[in-house]
Amino acid sequence: MGEWRTYVNTILKEEQVEDMAIVGYVDNRCVWASKPGGHLAAISSLEIEIIIGQDRKGFLHTGITIAGKKYCVIRDNLLVPNDHVMDLRSKEKDCRSICIGMSPKLLIFLMGKKGVQGGILNKRMHDIIKALKK
């Protein structure tokens, strides 16, 4: 888990990233590493279950909860082969974007700083997923 903390700290140094979490979803459905005191550190196992579940229609219409806060789903390609990314936008006035990426054993959550567009996080997430496959 220490290696994941180092990886999170490295990504958090990037100008556009406010928060990050590495979350297991296969054997151990919990946060493995995150920004200390960050919002994404509070992701629950129930939220993980909903994110990786096959029933996508429910949260596409009503939104999805991440670490206790409600988000609109902008794009859901998480279960789409060769994409594996979901883009979210907060329902609050500060309008934060979150991008979730899926690798074979973990989910990666990136939250952008205020004003950072989801497309920037989406591109960064694809780079992260590609690097993790190597």
Side-chain angles (χ1 to χ4, degrees):
M1 299 294 177
E3 292 174 10
W4 287 122
R5 285 189 197 104
T6 301
Y7 188 73
V8 167
N9 290 335
T10 300
I11 299 294
L12 287 171
K13 291 177 184 175
E14 296 178 12
E15 192 174 310
Q16 68 272 15
V17 179
E18 174 73 26
D19 199 356
M20 181 180 184
I22 305 290
V23 177
Y25 73 88
V26 178
D27 297 328
N28 190 5
R29 290 186 180 169
C30 66
V31 176
W32 292 358
S34 65
K35 176 182 176 180
H39 168 68
L40 297 176
I43 297 168
S44 74
S45 59
L46 178 60
E47 291 168 339
I48 297 166
E49 206 169 299
I50 292 168
I51 291 167
I52 64 170
Q54 295 299 315
D55 180 19
R56 316 305 283 167
K57 290 183 182 181
F59 62 72
L60 289 174
H61 294 292
T62 61
I64 193 165
T65 303
I66 305 292
K69 289 189 180 179
K70 201 76 156 157
Y71 293 85
C72 296
V73 178
I74 306 301
R75 182 181 311 117
D76 177 23
N77 291 337
L78 198 66
L79 302 181
V80 175
N82 300 317
D83 196 339
H84 301 293
V85 174
M86 179 189 290
D87 297 317
L88 310 170
R89 169 84 72 193
S90 67
K91 291 188 171 188
E92 298 170 358
K93 64 181 177 181
D94 71 346
C95 262
R96 302 284 178 143
S97 294
I98 289 184
C99 190
I100 305 170
M102 181 182 240
S103 78
K105 292 188 179 186
L106 52 88
L107 296 171
I108 304 104
F109 290 74
L110 288 180
M111 176 185 282
K113 291 184 177 177
K114 187 175 181 178
V116 172
Q117 299 295 317
I120 293 169
L121 293 178
N122 183 291
K123 182 181 181 324
R124 184 64 182 111
M125 184 60 73
H126 278 95
D127 293 343
I128 290 170
I129 292 170
K130 185 177 178 182
L132 288 175
K133 288 181 180 179
K134 289 182 179 180

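Numbering of residues begins at 1 and proceeds along the displayed sequence.
Considering all non-hydrogen atoms of both residues, Val8 and Ser34 come closest at CG1-C, 3.8 Å. Closest approach of Gly63 to Lys70, counting heavy atoms only: O-NZ, 3.9 Å. What you find for His39 and Ile66 is that their closest heavy atoms are NE2-O, 3.3 Å. Residues Ser97 and Gly118 come closest through the heavy atom pair OG-N, 3.5 Å.
Taken to the nearest 0.5 Å, the NE2 atom of His126 stands 7.5 Å off from the SG atom of Cys99. Note: Ile100 CD1 to Ile108 CD1 = 10.5 Å, rounded to the nearest 0.5 Å. Distance check: Phe109 CZ to Ile48 CD1 gives 6.5 Å after rounding to the nearest 0.5 Å. Distance check, rounded to the nearest 0.5 Å: SG of Cys95 to CZ of Arg89 gives 5.0 Å. Rounded to the nearest 0.5 angstrom, Asp127 CG and Asn122 CG are separated by 10.0 Å.
Looking at Trp4 and Leu106, their side chains come closer than 4.5 Å, going by heavy atoms from C-beta outward. Side-chain contact between Lys35 and Leu40 is absent, with no heavy atoms from C-beta onward closer than 4.5 Å. Contact annotation: the side chain of Met125 approaches that of Ile129 to within less than 4.5 Å [non-hydrogen atoms, C-beta and beyond]. Between Leu121 and Asp87 the shortest side-chain heavy-atom distance does not fall below 4.5 Å. Using a 4.5 Å heavy-atom threshold, the side chains of Met86 and Tyr71 count as separate.
Residues Leu60 and Ile50 fall within the same hydrophobic cluster, defined by Ile, Leu, Val, Met, Phe, Trp and Tyr side chains chained together at heavy-atom separations under 4.5 Å. No continuous path of ILVMFWY side-chain contacts below 4.5 Å connects Ile74 to Ile98, so the two sit in separate hydrophobic clusters.
Partner Leu107 forms a side-chain contact (heavy atoms from CB on, under 4.5 Å) with one of Val31, Ile43, Ile22, Ile52 and no other, that one being Ile52.
For Arg124, the salt bridge (Lys or Arg N to Asp or Glu O under 4.0 Å) criterion is met by Glu14, not counting sequence neighbours. Judged as a side chain to side chain contact (heavy atoms under 4.5 Å, CB included), and not counting sequence neighbours, the contacts of Leu79 are Gln54, Arg56, Met102. For Cys30, the side chain to side chain contact (heavy atoms under 4.5 Å, CB included) partners at least two apart in sequence or on another chain are Asn28, Trp32. For Asn77, the side chain to side chain contact (heavy atoms under 4.5 Å, CB included) partners at least two apart in sequence or on another chain are Arg75, Val80, Asp83.
Listed by first and then second residue, the salt bridge (charged side-chain N to carboxylate O under 4.0 Å, His left out) pairs involving residues 95-112 are Glu18-Arg96, Asp94-Arg96 (not counting sequence neighbours).
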Using atom types as modelled, flag every donor-acceptor pair under 3.5 Å from a side chain in residues 110-117 to any protein atom, sequence neighbours excluded.
{"unit_1": "Lys113", "atom_1": "NZ", "unit_2": "Glu15", "atom_2": "O", "d": "3.3"}

Test Tyr25 against Ile51 for side chain to side chain contact (heavy atoms under 4.5 Å, CB included), laying out the working first. CA-CA 10 Å; Tyr25 73 88; Ile51 291 167; over 6 Å; no
